[in-house]
2 protein chains.
Amino acid sequence: MFQLKNPQTIARTSLHHELVNRMQTLIINAELEPGAKVPEKLLCDQFGVSRTPLREALKVLASEGLVRLEPNRGAWVTRVTIEEVEEVFPVLGALEALSGELACKNITDAEIDAIRDLHARMLKSYEDSDLDEYFSINQKIHRAILVAAGNGTLTSSCEALSLRMQRARYLANMTQGRWYDAVQEHEQILAFLIARDGPNLALTLMGHMNSKKLSIVKWLKLEGDTKYGEASDVIV
Amino acid sequence: MFQLKNPQTIARTSLHHELVNRMQTLIINAELEPGAKVPEKLLCDQFGVSRTPLREALKVLASEGLVRLEPNRGAWVTRVTIEEVEEVFPVLGALEALSGELACKNITDAEIDAIRDLHARMLKSYEDSDLDEYFSINQKIHRAILVAAGNGTLTSSCEALSLRMQRARYLANMTQGRWYDAVQEHEQILAFLIARDGPNLALTLMGHMNSKKLSIVKWLKLEGDTKYGEASDVIV
DNA sequence: TGACTTAATTATGAATTCAAAATTAAGTTG
DNA sequence: CAACTTAATTTTGAATTCATAATTAAGTCA
């Protein structure tokens with residue numbers, strides 16, 4: 001059953017905003033599972049808040065696509081569907097491409113050095129086959145490029161979509177082959193960034209997003225095929 | 001003072017969602033003015049609802065950037081700033097470019113005919129100097145291209161950003177010269193769409209967004225310069 | 001009078017309450 | 001005992017209440 005990892009009560013500053021963040025984390029970490037009902041009462045107890053701010057947060061999460069509100073039936077964690085993945089990644093591709101273009105125009109040497117460090121650490125985690133660490137650093141690199149691009153609107157648009165795709169993180173594993181390719185793509189990304197080659201960085205980032213899409217869709221299709229065998233586990 | 005145009009009470013289905021829509025309309029129509037405080041109590045009375053669903057809607061509007069929540073000071077309609085315009089339009093450009101690419105791949109002849117009709121009506125409104133009608137049809141054309149692109153995520157991302165920029169509608173007028181240019185750009189857009197020339201449509205849409213940006217920024221800068229003269233009107 | 005302090009009022013954020021809907025449990029009948 | 005009906009329980013959505021913060025108004029004194 002669902003159990004909160006950090007049950008401490010929330011500080012009372014901008015309560016609903018804090019709750020949005022907390023529940024985002026619960027969802028992308030699959031502590032609240034896809035398709036599951038959001039346990040309103042339990043969460044209120046865990047967070048030590050009343051239903052009012054929690055429900056405010058749920059409306060925001062619904063507008064972000066992380067939960068679905070069913071009339072008189074409460075909030076449900078949305079499932080990552082193939083259709084959604086095929087919609088979101090092209091958009092993310094266009095946005096990341098723009099972030100690459102802008103980053104090449106605006107990035108400082110210090111920022112490049114920081115990304116170079118992150119990249120090295122990511123390679124290390126690849127060699128160690130530490131997938132959690134890899135994902136975490138990978139995220140940080142994309143975020144660092146966004147920050148270097150210097151467009152806050154772009155950053156939040158990307159992150160909103162990225163969050164939705166992170167729900168697939170605990171569904172779709174990477175194959176060894178895909179992992180290797182992803183690392184190669186990141187080598188290119190770093191190289192074009194250092195060269196401040198905007199157009200090529202944009203193309204590479206767009207391709208990178210497309211590869212991610214194909215990889216996740218492939219996994220979801222496989223999972224869909226085997227699903228009936230474990231249906232009892234999933235439904236009950 | 002603020003006065004609701006359609007004061008009828010709201011039907012009780014998905015109340016907060018309906019309130020989000022209503023308040024979006026109030027904001028983009030400048031019935032709730034930029035920089036103004038959102039009159040919670042008044043709106044509750046006008047809409048015939050309690051504060052709970054209204055405040056839920058305000059959290060969603062805040063996440064969309066249409067209002068800003070100040071701790072213990074309530075919700076305030078955000079102002080369209082030059083910085084924001086300079087951030088949002090490049091993102092919109094990238095998204096509309098993608099919508100052009102996808103539309104050229106997926107659009108049907110019937111959809112093209114419908115857009116051709118809209119285009120003709122838009123030309124008519126230009127000749128009549130009917131700016132409201134022009135804006136309205138303009139919107140519809142961009143939306144039709146998005147629909148033809150067949151990517152719901154892209155559509156909602158675009159529309160969220162587009163909403164924010166529509167707040168400038170009642171601030172920034174178009175000059176005759178800019179209006180003429182915009183019409184020319186739309187001629188190109190239609191031509192590339194009919195030719196199903198994705199890359200060129202993408203480029204044109206991106207350029208179109210850039211022109212819009214320059215036009216609005218120019219206006220806002222002008223307005224900023226003259227602002228002190230009418231400061232008393234604005235502040236009081 | 002005008003700057004400052006203090007009291008009354010109002011608005012805000014969140015908890016609580018309440019009616020209606022959905023779900024579950026308990027009967028009931030063939 | 002399985003299918004159906006009805007009653008009890010729980011959950012949901014929204015209104016109301018309540019403590020606290022912010023604002024306004026009233027009073028104070030140089």
Side-chain angles (χ1 to χ4, degrees), chain A residues 1-2 4 7-24 26-27 32-33 35-64 66-78 235-236, chain B residues 1-2 4 7-23 26-27 32-33 35-64 66-78 234-236:
Chain A
M1 187 47 221
F2 166 75
L4 196 65
Q8 83 195 38
T9 301
I10 289 177
R12 296 310 166 94
T13 49
S14 66
L15 202 38
H16 97 278
H17 195 261
E18 181 67 28
L19 287 170
V20 167
N21 287 333
R22 295 261 193 146
M23 296 206 290
Q24 278 176 344
L26 291 179
I27 290 171
L32 285 173
E33 285 178 26
K37 177 145 214 265
V38 178
E40 212 176 90
K41 202 168 193 177
L42 183 57
L43 288 174
C44 286
D45 291 347
Q46 302 268 19
F47 290 137
V49 300
S50 75
R51 286 174 63 217
T52 306
L54 193 100
R55 289 169 56 81
E56 289 171 348
L58 284 172
K59 310 295 188 226
V60 174
L61 292 177
S63 84
E64 290 175 347
L66 293 182
V67 306
R68 191 167 23 85
L69 302 174
E70 294 194 7
N72 293 318
R73 298 200 59 242
W76 301 73
V77 180
T78 51
I235 306 290
V236 170
Chain B
M1 188 45 221
F2 166 75
L4 194 64
Q8 80 195 41
T9 301
I10 288 177
R12 296 308 167 95
T13 47
S14 68
L15 202 39
H16 99 277
H17 194 260
E18 181 67 27
L19 287 170
V20 168
N21 287 333
R22 297 261 193 148
M23 296 209 293
L26 291 178
I27 291 171
L32 285 173
E33 285 177 28
K37 177 144 213 263
V38 178
E40 213 177 89
K41 203 168 192 176
L42 183 56
L43 288 174
C44 286
D45 291 346
Q46 302 268 19
F47 290 135
V49 300
S50 75
R51 285 174 63 219
T52 306
L54 193 101
R55 288 169 57 81
E56 288 171 348
L58 284 173
K59 310 297 186 224
V60 174
L61 292 176
S63 83
E64 290 174 348
L66 292 181
V67 307
R68 192 169 20 86
L69 301 174
E70 294 193 8
N72 293 317
R73 296 200 62 242
W76 300 74
V77 181
T78 49
V234 176
I235 305 289
V236 171

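A note on names: the letters A, B, ... follow the listed sequences, proteins ahead of strands, and every chain is numbered from 1.
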Identify which nucleotide among [options] has an atom closest to any side-chain atom of [X], counting heavy atoms from C-beta outward.
| X | options | value |
| --- | --- | --- |
| B/Ser50 | C/dA14, D/dA14, D/dG13 | D/dA14 |
| A/Pro53 | C/dT23, C/dA15, D/dA22 | C/dA15 |
| A/Asn72 | C/dA21, C/dG13, C/dT17 | C/dA21 |

Inset, instruction - Describe the nucleic acid contact of A/Arg73 in one word from base, sugar-phosphate, nothing, applying a heavy-atom distance below 4.0 Å. - result: sugar-phosphate
Inset, instruction - Have a look at B/Glu70 and say if it touches a base, only the backbone sugar-phosphate, or nothing, with a 4.0 Å heavy-atom cut-off. - result: sugar-phosphate
Please examine the side chains of [Y] and [X], heavy atoms only from C-beta on, and report whether any two atoms are closer than 4.5 Å.
| X | Y | answer |
| --- | --- | --- |
| B/Val67 | B/Ile27 | yes |
| A/Val60 | A/Glu56 | no |
| A/Val77 | A/Glu33 | no |

Inset, instruction - Would you indicate, yes or no, if C/dT16 has its OP1 or OP2 atom less than 4.0 angstrom from a side-chain nitrogen or oxygen of A/Arg51? - result: no
Tell me: [atom1] of [X] to [atom2] of [N], nearest whole Å?
| X | N | atom1 | atom2 | answer |
| --- | --- | --- | --- | --- |
| B/Leu54 | C/dA14 | CG | C1' | 16 Å |
| A/Asp45 | C/dT16 | CG | P | 11 Å |
| A/His17 | C/dG13 | NE2 | P | 14 Å |
| A/Leu69 | D/dA14 | CG | C1' | 14 Å |
| B/His16 | D/dA15 | NE2 | P | 14 Å |
| B/Arg55 | C/dA15 | CZ | C1' | 12 Å |
| B/Lys41 | C/dA11 | NZ | P | 5 Å |
| B/Glu40 | D/dT23 | CD | C1' | 16 Å |

Legend entry - Partners passing side chain to side chain donor-acceptor pair (under 3.5 Å) against B/Glu40 (at least two apart in sequence or in another chain): B/Arg51, B/Arg55
Inset, instruction - Applying side chain to side chain donor-acceptor pair (under 3.5 Å), name anything that partners A/Thr78, two or more places apart in sequence or on another chain. - result: A/Arg167
Legend entry - Identified side-chain contact (heavy atoms from CB on, under 4.5 Å) partner of A/Val20 from the options A/Leu54, A/Leu15, A/Leu58, A/Leu61: A/Leu61
Inset, instruction - Using only heavy-atom distances, decide whether a donor-acceptor pair under 3.5 angstrom links the side-chain of B/Thr52 to the base of D/dA15. - result: yes
Legend entry - Residue closer to the 5' end of DNA chain C, A/Glu56 versus A/Pro71 (nearest nucleotide): A/Glu56
Mind listing the N/O atom pairs, protein and nucleotides 6-8 of chain C, below 3.5 Å?
none

Inset, instruction - For the pair A/Arg22 and A/Leu26, evaluate side chain to side chain contact (heavy atoms under 4.5 Å, CB included) and give the outcome as yes or no after the intermediate values. - result: CA-CA 6 Å; A/Arg22 295 261 193 146; A/Leu26 291 179; 5.6 Å; no
